[in-house]
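Inspection log for the structure reproduced underneath, given as structure tokens.
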Amino acid sequence: MSFSNLQLAAPILKAVNLCGYTTPTPVQAQAIPQAIAGLDLIATAQTGTGKTAAFVLPALQRLSVPSTSTKRSKGPRVLVLTPTRELANQVTDAVRTYGKFMHIRSGAILGGMPYFEQQRLLSQPVDLIVATPGRLMDHMERGRIDFSRLEILILDEADRMLDMGFSDAVDTIAAATPASRQTLMFTATMDNTMAKLAQRLMKDPVRVEITGKKTTLEAIEQRLHAADDMQHKNRILNHLISDSGMTRAIIFSGTKKNADQL
Ligand code: AMP
């Protein structure tokens, strides 16, 4: 598959080509068509799989078509929530890179940063906002942001967002957006908490699962030895390395000192 099969608008394709990408990664190939079709989506994918473009490209695709909302609102059409400032900055950079040939207004609402620029960002019509939940709530409570024309809500690293205690904030933010919105959720792990979150926020989501690279080899047997203390551990180690079948070995150690002693 190539990017030209993904039904992306010409300015987006041009920017993707400029990045030197030739083929979509598996998460992109699976998620982008579903997201462009307007479906809610849960994608299980780790960092490094190309997950950012998997949601930024469909978001830009949506923005390439004028808003059909009749609401007189300056609020964003797309909102991306991320757990940390660093991740929000990466997403904002991706929006700038892939949206380079489009006329869109985007920006970040982040904790620990001055309010002034964020107020300026929100004082004029904005297409896409990337935000960390705490600071966004802050602006919402001050009545500075209006989500009445929001079309797509994206949760990036949703599992980490919940781990960091943003569950209530995410629910409050989602409740302030139109029920008709599309919701895309990206997470590294999928457990019961995530399933419940999806149930609260999404409508019949499609699942995209990208399994990480296998990190163990079939031919390697793994064993766990429980040791009571350091002496016991050394006795077990002595026993293992005096095995005549053991011809080559690597021992990993927690500290330099311990490695020297070994
Ligand atoms: P992410 O998983 O979103 O953090 O992306 C990991 C890296 O892969 C980023 O540096 C992207 O620029 C790069 N990338 C994303 N999509 C592609 C692609 N289709 N081909 C090559 N590199 C890509």
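The first residue of the sequence shown is numbered 1, and numbering continues consecutively from there. Every number for a ligand or one of its atoms is a count from 1 in the order of the listing.
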Return all side-chain donor-acceptor pairs below 3.5 angstrom for residues 124-133, not counting sequence neighbours, or 'none' if the list is empty.
| unit_1 | atom_1 | unit_2 | atom_2 | d |
| --- | --- | --- | --- | --- |
| Asp127 | OD2 | Arg105 | N | 2.8 |
| Thr132 | OG1 | Gly111 | N | 3.3 |

Contacts under 3.5 angstrom, residues 27-43 side chains, donor-acceptor by atom type, not counting sequence neighbours:
| unit_1 | atom_1 | unit_2 | atom_2 | d |
| --- | --- | --- | --- | --- |
| Gln28 | OE1 | Thr25 | N | 2.9 |
| Gln28 | NE2 | Gly50 | O | 2.9 |
| Asp40 | OD1 | Thr183 | N | 2.8 |
| Asp40 | OD2 | Lys203 | N | 2.7 |

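Partner of Phe186 under the side chain to side chain contact (heavy atoms under 4.5 Å, CB included) criterion, chosen from Thr52, Thr82, Asp156, Val80: Asp156.
Partners of Tyr21 according to the ring-ring contact (aromatic ring centres under 6.0 Å, His included) rule, which considers only residues two or more places apart in sequence or in another chain, do not exist here.
For the residue pair Ser69/Glu151, the side-chain donor-acceptor check at 3.5 Å is not satisfied.
Ligand 1 is surrounded by Phe3, Tyr21, Thr23, Pro24, Thr25, Gln28, Thr47, Gly48, Thr49, Gly50, Lys51, Thr52, each with at least one heavy atom closer than 4.0 Å.
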Exercise. Run the numbers on Leu197 and Met185 for side-chain contact (heavy atoms from CB on, under 4.5 Å), then give the verdict.
Key: CA-CA 10 Å; Leu197 177 73; Met185 187 166 108; 3.8 Å; yes

